[in-house]
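The first residue of the sequence shown is numbered 1, and numbering continues consecutively from there. Remember, it's 1-based here, ligands and their atoms both numbered in the order they're listed. Note: hydrogens, waters and symmetry copies are ignored here, and every other heavy atom, side chains too, is used.
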Amino acid sequence: MQTVLITGAASGIGRDTAQLFAESGWQCVLVDRNAEALQQLGRSLPPPASAAHVLRTIDLTSQEQIASLGEGTPALDAILNNAGMSDSSNTPLAEQDYAQLERLLALNLAAPAAVVNACAPLLKRGARIVNVASGAGLHAIPWRGAYSPSKAGLIAQTKALAQARPDWCVTVLAPGFVRTELLDGLIQAGRLDPVNAVSKIPLGRMASPAEMAQAHFFLASAGARPLSGQILAVNGGSSIFGGSQRFAPTALAPLPLDLPTGLEVLGGDTMPWEAVAPRPSAEPHYPATLDLSPLYSKPGHVLQAVHAAGSRFSAAHTEKASLTVLLPAGTALPWQDAGDTAAARMLVSTLACEWGARALRINALEVPPNLPPSSLRALLRFVCGPAAQFLTGQSLVCGAE
Ligand code: NAI
C-alpha cells in the first residue's frame, strides 16, 4: 500500500484528488484547516486495505502547526502541496500593507517548503513531491495581490528542491482554470469573468477538478521520474497562446477520463515504443498517436518532421484525439541548426491553438539519446491518454535516468 499526504484536501482539486487516490487503494493523510469538511471527506472515502486514512486539521500559515505534522504521520510515498489561496480583495498591491501579502505568501510559498521539511524523515526512498502552482506563476495576473509572485516563487522553489534532492522526484503542477470553490469565489467577487477567461483557452473550456486529480495521480507515481524539476502546465493551452483572437466555448464534452487509450505508434523504429505503449483497442477508446519521426529525423529537419506528423494526424482525426511527438533533446548541434528544435516546439504550440476547437491535442516529449523507452511508460500513458485531456501545446523535457 502506498501513502500520500495531500494539503488543502477538503475542497476543490484536493478533494477530488483524495477521492482518486483512495479509490486506487492508497492510504491518504489529509491536511486542511477546515475540520468539518475534512471529517466529511474522511467519512466519504473508501478505506485503505490496512490502516486508515489520517485526518490532520492544521492551519498551514502557521509554521508551528506544520512542524507537528512530523508526529503521528505514517511513512510517505508522496506529498502533494496543493493548498493555496488567492486574493479577492481587489486592493491594488501598492495599497496593501505587507501583512496582507504575508498571509498569502505563508500559505502559497512558505508552507510547501515547511511541509517537506517536517515530513522529510518520513519520506520513503524515491518519494515524489508535487507542488501546485498556477499559470499565474508564469504570467502576471494583476489585482490578485501577491498570488502571481507567490506561485512564481513556488515554481522556482520546486526546481531548486529537485536539484538539491535528486533522490526525490519533485515536480510542479500549474493548473489553468479549474471549476472549484476558489474559482467560484473569484467569479462571485467580480474578480474573474468566466466567458472572457474561456475565450483565451484554445480548448475552449475550463478543467474539472477530476482532471487535476488525474495529473496529481500521475505526478505522485514513480513513473513521473523523467519530469523531476519540471512544470506540468495543464491549462487547455492558455499558457502557450499569444494571439489576439478569441476562442469560442467548446460544445465538445471531454470523454471519460478512465477510457482505455488506443495508441498507434508511427514514424521510425516503432518496436521498442509499442512495447511500452497502451495497445490499440476495439472497445470504445480515446484515439492517440505517438509519432517518432521527429526523433529519428536528420539534424535540421525536426520542424519539417513535426509538420508532416501534424498534417497526417489532422487528416486522420476529426475530434477528441491526441498526438504526441518525440523530439531529440540534449544533442549538440551546429549553430545553423540550433533554431530547428525551438521552431518545432513552437509549431507544437501553434498547432495546439489551431486544433483546440476540435479537442485535438498535441504535445511533445523531448527525449535525450539513450533514454530507454521503458522509463517513459507512465509518462506516455498519461500524456497520450484521456486523463490528460486538458494538456495541450506543451513540450516536456525528459531527464536522463
Ligand atoms: P479551494 O479553495 O477549492 O481549496 C483549497 C483548500 O485549501 C480548502 O479546502 C481550504 O480549506 C484549504 N486551505 C486554505 N487555506 C488553508 C490554510 N491556511 N491551512 C490549511 N488549509 C487551507 O482551491 P482549489 O481551487 O482547489 O486550489 C487548489 C490549488 O490549486 C491552490 O494552490 C490553487 O492556487 C491552485 N490553482 C487553482 C486554480 C483554479 O482554477 N481553481 C488554478 C490554478 C491553480
Side-chain angles (χ1 to χ4, degrees), residues 5-20 29-42 55-66 68-69 79-88 102-112 114-115 118 130-139 141 144-155 157-158 172-189 191-194 197-198 200-201 205-213 215-216 219 231-236 238-239 390:
L5 182 146
I6 306 170
T7 71
S11 93
I13 296 170
R15 190 176 47 215
D16 274 57
T17 301
Q19 188 76 37
L20 180 60
V29 180
L30 305 169
V31 181
D32 207 287
R33 68 170 173 184
N34 185 339
E36 202 185 316
L38 204 54
Q39 295 293 336
Q40 205 178 339
L41 175 66
L55 310 181
R56 302 295 300 267
T57 304
I58 281 181
D59 183 343
L60 292 162
T61 59
S62 157
Q63 294 275 324
E64 292 76 32
Q65 290 191 35
I66 294 175
S68 74
L69 264 179
I79 293 176
L80 307 182
N81 277 312
N82 164 74
M85 65 188 284
S86 189
D87 180 335
S88 47
E102 245 178 347
R103 186 172 158 70
L104 191 147
L105 289 166
L107 179 64
N108 291 8
L109 184 56
V115 168
V130 184
N131 291 326
V132 180
S134 164
L138 303 168
H139 302 286
I141 302 198
R144 285 228 224 141
Y147 189 67
S148 271
S150 71
K151 295 298 191 180
L154 186 57
I155 291 169
Q157 186 194 100
T158 307
V172 53
L173 175 67
F177 290 112
V178 189
R179 287 307 302 244
T180 65
E181 285 88 333
L182 182 145
L183 202 81
D184 288 341
L186 289 169
I187 293 169
Q188 275 155 23
R191 304 306 331 131
L192 183 78
D193 172 357
V198 165
K200 294 172 190 164
I201 304 173
R205 65 179 179 90
M206 294 187 182
S208 65
E211 290 180 290
M212 293 307 136
H216 267 153
L219 291 173
I231 305 178
L232 185 66
V234 184
N235 57 27
S238 56
S239 64
F390 205 54

Identity and separation of the nearest protein heavy atom to atom 33 (C) of ligand 1: Y147 OH, 3.6 Å
Protein residue, atom and distance nearest to atom 9 (O) of ligand 1, heavy-atom basis: D32 OD2, 2.6 Å
Counting from 1 in the order shown, the ligand 1 atoms closer than 4.0 Å to a non-hydrogen atom of A10 are 9 (O)
For S148 against H139, the heavy-atom pair lying closest together: OG-O, 3.4 Å
So the atoms of ligand 1 within less than 4.0 Å of a heavy atom of T61 turn out to be 18 (N)
Contact region, M212 to ligand 1, non-hydrogen atoms below 4.0 Å, reads neither
Spacing of CD1 belonging to I155 relative to OG belonging to S134, to within rounding of 0.5 Å: 8.0 Å
Under 4.0 Å from any heavy atom of V132, which atoms of ligand 1 are there? 29 (C), 30 (O), 32 (O), 35 (C)
Could you tell me whether K151 and ligand 1 have an N or O pair separated by under 3.5 Å? yes
Specify the closest pair of heavy atoms between L232 and A215, including all atoms of both residues, with the distance to one decimal. CD2-CB, 4.5 Å
For atom 2 (O) of ligand 1, the closest protein heavy atom turns out to be L182 CB, 3.3 Å
Counting each atom of ligand 1 from 1 as listed, which ones have a heavy atom of I58 under 4.0 Å away? 19 (N), 20 (C)
Which heavy atom in P112 sits nearest to a heavy atom in L107, and how many Å separate them? CD-O, 3.5 Å
Taking C-beta and beyond as the side chain, do T17 and M212 meet within less than 4.5 Å on heavy atoms? no
Note: ligand 1 atoms sitting under 4.0 Å from heavy atoms of F177 are 40 (O)
Heavy-atom distances under 4.0 Å decide this one: backbone, side chain, both or neither, for L107 against ligand 1? side chain
Would you check whether I13 has a nitrogen or oxygen atom less than 3.5 angstrom from a nitrogen or oxygen atom of ligand 1? yes
Protein heavy atom at shortest distance from atom 18 (N) of ligand 1: D59 OD1, 2.9 Å
L105: which residues meet the side-chain contact (heavy atoms from CB on, under 4.5 Å) condition with it, sequence neighbours left out? Y98, L101, L109, A146, S150
Which of these, V132, D16, L20, sits in a side chain to side chain contact (heavy atoms under 4.5 Å, CB included) with H216? V132
For ligand 1, which atoms sit closer than 4.0 Å to a heavy atom of G12? 3 (O), 26 (O)
Per-atom filter on ligand 1: closer than 4.0 angstrom to a heavy atom of L183 are 40 (O)
Kindly write out the residues that satisfy side chain to side chain donor-acceptor pair (under 3.5 Å) with T158, not counting sequence neighbours, or none if the list is empty. N131
Looking only at protein heavy atoms, identify the closest one to atom 3 (O) of ligand 1 and say how far it is in Å. S11 OG, 2.8 Å
Check whether any side-chain heavy atom of L60 lies under 4.5 Å from a side-chain heavy atom of Q65, and answer yes or no. no
Looking only at protein heavy atoms, which one is nearest to atom 38 (C) of ligand 1, and what is the separation? G176 O, 3.9 Å
Numbering the atoms of ligand 1 from 1, which are under 4.0 Å from a heavy atom of E181? 3 (O)
Check whether any side-chain heavy atom of P194 sits under 4.5 Å from a side-chain heavy atom of M206, and report yes or no. yes
Minimal heavy-atom distance between A9 and D32, with the atoms involved, is N-OD2, 3.2 Å
Heavy-atom nearest option to atom 43 (C) of ligand 1, drawn from P175, G8, G137: P175
shortest atom 25 (O) of ligand 1-to-protein heavy-atom contact is with T180 OG1, 2.4 Å
Surrounding CD of Q40 (heavy atoms of other residues, nucleotides or ligands, distance under 6.0 Å), is the total greater than 12? no
Among A133, A83, G84, which one puts a heavy atom closest to atom 44 (C) of ligand 1? A133
Do any nitrogen or oxygen atoms of S134 lie less than 3.5 angstrom from nitrogen or oxygen atoms of ligand 1? no
So do the side chains of L138 and I231 get within less than 4.5 Å of each other, counting heavy atoms only? yes
Atom 29 (C) of ligand 1 sits nearest the protein heavy atom N82 O, 3.0 Å
I want to check something: taking the side chain as every heavy atom from C-beta on, are L192 and F177 in contact at a cut-off of under 4.5 Å? yes
